[in-house]
Undergrad: 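Quick one: the structure is below, questions incoming.
Count residues from 1 along the sequence.
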Amino acid sequence: MTSLDDEGVPTADPVEPATGAIEPASLEPALAAEPATGGTEPEAAARRRRPFLVPAVVVGVVALALALLSATLYAKLDQERSDRRAVQDVSGRFAAALLTYDYNELDQAKQRVLALSTGKFRKEYEQAFTGGLDTLFRETKARSAGTVTDVFVGDISNETVTSIAVVDAVAQGSAGGRRLVSSYIQLQLVKVGGRWKVDGVTNLNLGAAAADTPGAATTTTAPSK
């Protein structure tokens, strides 16, 4: 029913307040619905570091491989240098021993050569020495002193190598006075039990008379197979 005021004007009905207050919408569902952008702080930091971790591991592996390769190459080069020095030493001592002898001490001269020999050459030299060479030296009262002036070493392959020794020998005997003989002796060496030994000898004095190269001319042989 419409009410009238004192002047007869209808008045509006009073508006009753709502019985239940409208509460603001909860923010929790909205927050829960938002997608996770980075997870927890430690997990996000770990993910940021992971792309850099993989290249670091690769670089480390490559560096280790290069270090191992470098060490291997250095060891190989060092071994090759050591072998070449040993070959040069053995070649020089052998060539000097081959052209150094005294008819009064032939057994010592023979042993010096045999100590640095192996294989076929060792057998042939011993047979030649005891089969007439010693008698020839005694009858001619032969003496010789060999001095190595140079040694050339070839490439080492499969523990074999060829060298050339240049030897000056001062020889004398009843057949003639003192004379200087320069010899070029090619040596074939093999590694036996970790040591280099002479396995073959070739006299390179092409065109020279046998008497001009004492010792070497009578012991020329090919390396054993």
Side-chain angles (χ1 to χ4, degrees), residues 82-154 156 159-206 208-225:
S82 177
D83 280 334
R84 292 184 69 85
R85 286 193 297 267
V87 167
Q88 188 174 35
D89 177 66
V90 171
S91 298
R93 289 191 292 127
F94 177 89
L98 188 63
L99 297 182
T100 300
Y101 48 84
D102 188 318
Y103 73 97
N104 290 314
E105 300 176 343
L106 292 179
D107 188 61
Q108 292 90 322
K110 180 182 71 172
Q111 292 304 320
R112 285 194 296 268
V113 174
L114 294 179
L116 300 172
S117 307
T118 189
K120 184 178 180 181
F121 175 78
R122 179 185 177 90
K123 296 177 182 178
E124 292 188 355
Y125 181 81
E126 191 166 16
Q127 291 173 357
F129 203 93
T130 59
L133 189 59
D134 56 344
T135 301
L136 175 64
F137 285 162
R138 288 191 180 96
E139 290 179 350
T140 59
K141 296 182 180 180
R143 291 189 178 95
S144 178
T147 302
V148 175
T149 60
D150 212 342
V151 175
F152 304 95
V153 180
I156 299 175
E159 297 190 332
T160 63
V161 63
T162 299
S163 67
I164 297 177
V166 183
V167 190
D168 288 340
V170 177
Q172 60 180 327
S174 59
R178 292 167 59 89
R179 64 189 186 278
L180 175 65
V181 179
S182 295
S183 300
Y184 293 82
I185 304 174
Q186 178 176 293
L187 307 175
Q188 184 75 25
L189 295 92
V190 296
K191 201 170 188 180
V192 181
R195 295 185 178 183
W196 289 97
K197 300 280 188 177
V198 175
D199 189 46
V201 178
T202 302
N203 180 11
L204 299 181
N205 284 36
L206 302 179
D212 290 335
T213 313
T218 59
T219 57
T220 301
T221 181
S224 60
K225 302 297 184 181

Undergrad: Quick one: are Leu99 and Ile185 in side-chain contact, heavy atoms under 4.5 Å?
TA: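 Yes; the side chains approach each other to less than 4.5 Å.
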Undergrad: Please report the shortest heavy-atom distance between Val148 and Ala95, naming the atom on each side.
TA: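 Looking at all heavy atoms of both residues, the shortest contact is CG2-CB, 4.0 Å.
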Undergrad: Between Lys191 and Asp83, does the side chain to side chain contact (heavy atoms under 4.5 Å, CB included) criterion hold? Intermediate values first, please.
TA: CA-CA 9 Å; Lys191 201 170 188 180; Asp83 280 334; 3.0 Å; yes
Undergrad: I need the minimum non-hydrogen distance between Ala96 and Gly146, along with the two atoms involved.
TA: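 Looking at all heavy atoms of both residues, the shortest contact is CB-O, 3.9 Å.
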Undergrad: Starting from the C-alpha separation in whole Å, work towards a yes-or-no answer on side chain to side chain contact (heavy atoms under 4.5 Å, CB included) for Asp168 and Leu180.
TA: CA-CA 7 Å; Asp168 288 340; Leu180 175 65; 3.8 Å; yes
Undergrad: Could you tell me if the side chain of Arg143 sits less than 4.5 Å from the side chain of Asn104, heavy atoms only?
TA: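 Yes, their side chains come closer than 4.5 Å.
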Undergrad: Is the number of heavy atoms from other residues, nucleotides or ligands under 6.0 Å of Tyr103 OH greater than 12?
TA: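 Count over threshold, so yes.
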Undergrad: Carefully, step by step, assess Leu187 and Ile164 under the rule side chain to side chain contact (heavy atoms under 4.5 Å, CB included).
TA: CA-CA 6 Å; Leu187 307 175; Ile164 297 177; over 6 Å; no
Undergrad: Considering only heavy atoms from C-beta outward, does the side chain of Val198 approach that of Arg122 to under 4.5 Å?
TA: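 The answer is no; the side chains never approach within 4.5 Å.
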Undergrad: Donor-acceptor pair, distance only, cut-off 3.5 Å: does the side chain of Ser174 make one with the backbone of Thr140?
TA: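 Yes; at least one donor-acceptor contact below 3.5 Å.
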Undergrad: I need the Phe152 CZ to Gln88 CD distance, nearest 0.5 Å.
TA: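 Between atom CZ of Phe152 and atom CD of Gln88 there are 10.0 Å.
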Undergrad: Please tell me whether Thr118 and Asp199 have a donor and an acceptor in their side chains that are separated by less than 3.5 angstrom.
TA: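 On atom types as modelled, these side chains do not qualify, holding no pair under 3.5 Å.
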Undergrad: If you define the side chain from C-beta out and look only at heavy atoms, does anything of Leu114 sit under 4.5 Å from Glu126?
TA: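 Yes, close enough: below the 4.5 Å cut-off.
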Undergrad: So, do Thr100 and Ser144 sit near enough that their side-chain heavy atoms are less than 4.5 Å apart?
TA: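 They are not in contact (no side-chain heavy atoms under 4.5 Å apart), so the answer is no.
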Undergrad: Does any non-hydrogen side-chain atom of Ser163 lie less than 4.5 Å from one of Leu189?
TA: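 Heavy-atom side-chain distance check passes, below 4.5 Å.
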Undergrad: Rounded to the nearest 0.5 Å, what separation is found between the CD atom of Gln111 and the OG atom of Ser117?
TA: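 Reported to 0.5 Å precision, the distance equals 10.5 Å.
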Undergrad: Taking the side chain as everything from C-beta on, heavy atoms only, tell me whether Tyr184 gets closer than 4.5 Å to Asn203.
TA: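 In short, these two side chains do not touch, never coming nearer than 4.5 Å.
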Undergrad: To the nearest 0.5 Å, what is the distance between CG (Asp107) and CZ (Arg112)?
TA: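 That separation rounds to 10.0 Å.
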Undergrad: Answer yes or no: is there an ion pair linking Asp134 with Arg138, defined by an N-O contact shorter than 4.0 Å?
TA: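 Looking at Asp134 and Arg138, the cut-off is met.
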Undergrad: With heavy-atom distances below 4.5 Å as the criterion, would you say the side chains of Val151 and Val166 are in contact?
TA: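 Answer no - side chains too far apart.
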Undergrad: Using the rule given for side chain to side chain contact (heavy atoms under 4.5 Å, CB included), can you reason through Leu98 versus Val201, listing the C-alpha separation, both sets of side-chain angles and the distance that settles it, and then say yes or no?
TA: CA-CA 10 Å; Leu98 188 63; Val201 178; 4.3 Å; yes
Undergrad: Could you tell me whether the side chain of Lys197 and the main chain of Ala115 form a donor-acceptor pair under 3.5 Å?
TA: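 Looks like yes, one N/O pair under 3.5 Å.
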Undergrad: Applying salt bridge (Lys or Arg N to Asp or Glu O under 4.0 Å), can you list everything that pairs with Arg84, at least two apart in sequence or on another chain?
TA: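 With sequence neighbours excluded, Arg84 shows a salt bridge (Lys or Arg N to Asp or Glu O under 4.0 Å) to no residue whatsoever.
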Undergrad: Give, for atom CG of Leu136 and atom CG of Leu106, the distance between the pair rounded to the nearest 0.5 Å.
TA: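 Rounded to the nearest 0.5 Å, the CG-CG separation comes to 10.0 Å.
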Undergrad: Please work out which of the three classes, parallel, tilted or perpendicular, describes the rings of Phe129 and Phe137, given edges at 30° and 60°.
TA: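 Judged by the thresholds at 30° and 60°, the geometry between Phe137 and Phe129 is perpendicular.
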